[in-house]
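Read through the structure below, which is laid out as structure tokens, and then see the notes.
This chain uses plain numbering: 1 for the first residue, then up along the sequence. Note that these values count all heavy atoms, side chains included, but never hydrogens, waters or copies made by symmetry. Remember, predicted model here, so these are calculated numbers, not experimental data.
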Amino acid sequence: MIQSRKAYLDAMKFFAIVLVVFGHCMQKYVNNYTNTIIYNFIWLFQMPAFFFVSGYLHIKEEKVVRTKNMWKYIFKRFKAYFIPIVTFVILNTLINGSYSSFKDLLLTIVNKFAQWPFDIHISLWFLFVLMLYSIYSIFVAHFISKQKSQVKKILIAVALVCLFEIIFVSLFYFINGEFLGAKLVVYYSIYFLFGCIVEKIEKVNIFLELKSKVNIELILCIILGIASLCICIFVKDIANFSDTNILQLIVRVFGSIATVISVFLLLKMLFNNQNNSLLSKLGQYTLEIYYIHIILNNLIIFEHASPNYYESIFNQWGTAFLAFVIILVCSYIINFVIQYIPYLHYAIFGTKENKLNLFKNKEVEQCKN
């Protein structure tokens, strides 16, 4: 089904990828970076935002009523997520290493693939987690599309979600929390499901009878924004919270939900009628920019620049910001070049789609990367 893109969701993805790039630059050039207000905000927002948006854009049941359509979407999603995971390992190994022979290079790549199930951080971990959610949500949508009763749809959806969580909790408990990213899958499913719930709430027009809907969204945005700001300021080092400390886990989840929803509502009010916004257009390339910027971040290293080199915190932040601008701009330039070569784009990212219509108000299907 072709529909008008939601500009505020693309703007949200652009905001998130900008923070991802800046956060990675902070790691390289800022001393004690995790214990800062800025990084607290980045940590609470960046990845939860991507999963929230993907959950919000989950496959609709009317698209997969037929089994044939279900498998078509599954195959399409699998290619779009898994091909970049594979090509990233190959390209990153090739670019960021020195090898005495082709056999040595090949052996390194094979070893990384063999190690990958036990450490998905080797290659774009968030794409693998997102692929699991995306494909499983297609199955869920297909099964509930067969039901006519709304109660049955809800019960089946809840049962299938619980089954998914049980599988990965079992992997986490009986094997290892790192195996197939079980710990990450369980944690970030919170935000994917929350995105699904928010989309359902908006779909049924829960505020339809309230004339002050915009004011309610504004008030909610302000309240959650203040809550998020307070957590960022007064709670220290959120990125290093223990995964086994229940109180810290609650603070992290609440902080992320408050931050994501406040930004979501703010951008919705700002971009709801701006389908041709440049920021929303740039936000369509988050998968590509995430992929490219990691390789560039490994390649671009300022001479003598490290958290321990500069004594001045001003120089540390200045270096991080300069690296951020260079990497972000170069990532978009490289992406635009690849966009003009569809088969190269397919070989790297698993799709031949050319989204390079930055200044055209074109009706396209809302993508999830």
Side-chain angles (χ1 to χ4, degrees), residues 1-13 16 45 47-66 69-70 73-74 77 129-166 185-221 223-224 253-254 256-269 271-272 365-369:
M1 180 179 175
I2 302 301
Q3 61 184 1
S4 183
R5 293 187 71 96
K6 292 180 171 60
Y8 52 90
L9 294 178
D10 285 325
M12 189 171 180
K13 291 192 294 182
F45 179 76
M47 287 303 157
F50 283 126
F51 289 110
F52 171 84
V53 172
S54 295
Y56 188 97
L57 296 171
H58 66 282
I59 198 74
K60 305 303 184 287
E61 58 187 85
E62 60 268 17
K63 291 186 177 183
V64 289
V65 175
R66 298 172 58 191
N69 288 343
M70 178 189 74
Y73 276 103
I74 288 174
R77 295 289 173 79
V129 175
L130 196 54
M131 181 182 72
L132 293 178
Y133 298 156
S134 182
I135 290 177
Y136 195 77
S137 69
I138 295 174
F139 279 110
V140 174
H142 175 71
F143 284 117
I144 65 177
S145 69
K146 302 295 184 181
Q147 308 302 318
K148 295 182 179 180
S149 169
Q150 195 65 31
V151 174
K152 285 185 178 180
K153 288 184 177 184
I154 295 173
L155 291 177
I156 291 175
V158 170
L160 291 175
V161 168
C162 289
L163 176 61
F164 180 86
E165 298 293 342
I166 289 171
V185 172
V186 173
Y187 177 73
Y188 284 105
S189 65
I190 297 171
Y191 308 108
F192 185 88
L193 291 172
F194 196 69
C196 294
I197 292 170
V198 170
E199 189 273 337
K200 290 295 184 184
I201 291 174
E202 292 195 337
K203 190 174 181 180
V204 299
N205 294 319
I206 195 170
F207 297 123
L208 188 62
E209 297 180 0
L210 299 176
K211 295 181 179 179
S212 58
K213 178 183 175 182
V214 175
N215 292 334
I216 291 175
E217 291 185 346
L218 179 59
I219 292 170
L220 186 60
C221 175
I223 292 173
L224 293 177
V253 171
F254 174 77
S256 288
I257 290 176
T259 305
V260 168
I261 293 300
S262 61
V263 174
F264 168 76
L265 292 174
L266 178 61
L267 293 177
K268 185 178 179 181
M269 288 183 283
F271 289 90
N272 201 23
E365 185 178 8
Q366 186 88 19
C367 62
K368 292 195 174 189
N369 58 333

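Using a 4.5 Å heavy-atom cutoff, the side chains of K6 and M12 are not in contact. Annotation: side chain of Y73 is in contact with side chain of V64 (closest heavy-atom distance under 4.5 Å). Counting heavy atoms from C-beta outward, V185 and S189 have side chains that stay 4.5 Å or more apart. When side chains are defined from C-beta on, L266 does not count as touching Y8, because their heavy atoms never get closer than 4.5 Å. Contact annotation: the side chain of I261 approaches that of F52 to within less than 4.5 Å [non-hydrogen atoms, C-beta and beyond]. Looking at V65 and N69, their side chains never come closer than 4.5 Å, going by heavy atoms from C-beta outward.
Taken to the nearest 0.5 Å, the CD1 atom of I223 stands 10.0 Å off from the CG atom of L218. Note that the CD1 atom of I257 and the OG atom of S262 stand 11.5 Å from one another [nearest 0.5 Å]. Note that the CZ atom of F45 and the CZ atom of F50 stand 8.0 Å from one another [nearest 0.5 Å]. Separation of atoms CG (L265) and CD (E217) is listed at 5.5 Å; rounding is to 0.5 Å. Here the CD1 atom belonging to I216 is positioned 14.0 Å from the SG atom belonging to C221, to the nearest 0.5 angstrom.
Tested against F264, the residues Y56, Y191, F271 include a single ring pair (Phe, Tyr, Trp, His ring centres under 6.0 Å) partner, Y56.
Not a single ring-ring contact (aromatic ring centres under 6.0 Å, His included) links F194 to another residue, sequence neighbours left out. Residues that satisfy the side chain to side chain contact (heavy atoms under 4.5 Å, CB included) test with L163, not counting sequence neighbours, are Y136, I167. Among residues two or more places apart in sequence or in another chain, the ring-ring contact (aromatic ring centres under 6.0 Å, His included) test is passed with F254 by none. Residues satisfying the side-chain hydrogen bond (donor to acceptor under 3.5 Å, both in side chains) test with S256, not counting sequence neighbours, are none. The ring-ring contact (aromatic ring centres under 6.0 Å, His included) test applied to F51 returns Y133, Y188, not counting sequence neighbours.
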Residue pair K200, I197: steps toward the side-chain contact (heavy atoms from CB on, under 4.5 Å) verdict: CA-CA 5 Å; K200 290 295 184 184; I197 292 170; 5.7 Å; no

side-chain contact (heavy atoms from CB on, under 4.5 Å) between V129 and M47, intermediate numbers included: CA-CA 11 Å; V129 175; M47 287 303 157; over 6 Å; no

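The minimum heavy-atom distance between P48 and V260, with the atom names listed, is CB-CG2, 3.9 Å. Heavy-atom minimum distance, A141 versus I59: CB-CG2, 3.6 Å. Minimum interatomic distance between K60 and H58 (heavy atoms only, all atoms of both residues): NZ-O, 2.9 Å.
Within the structure, side chain to side chain donor-acceptor pair (under 3.5 Å) pairs that include any residue of residues 141-152 do not occur (at least two apart or interchain).
Checking side-chain atoms of S134 against main-chain N and O of L130 turns up no donor-acceptor pair under 3.5 Å.
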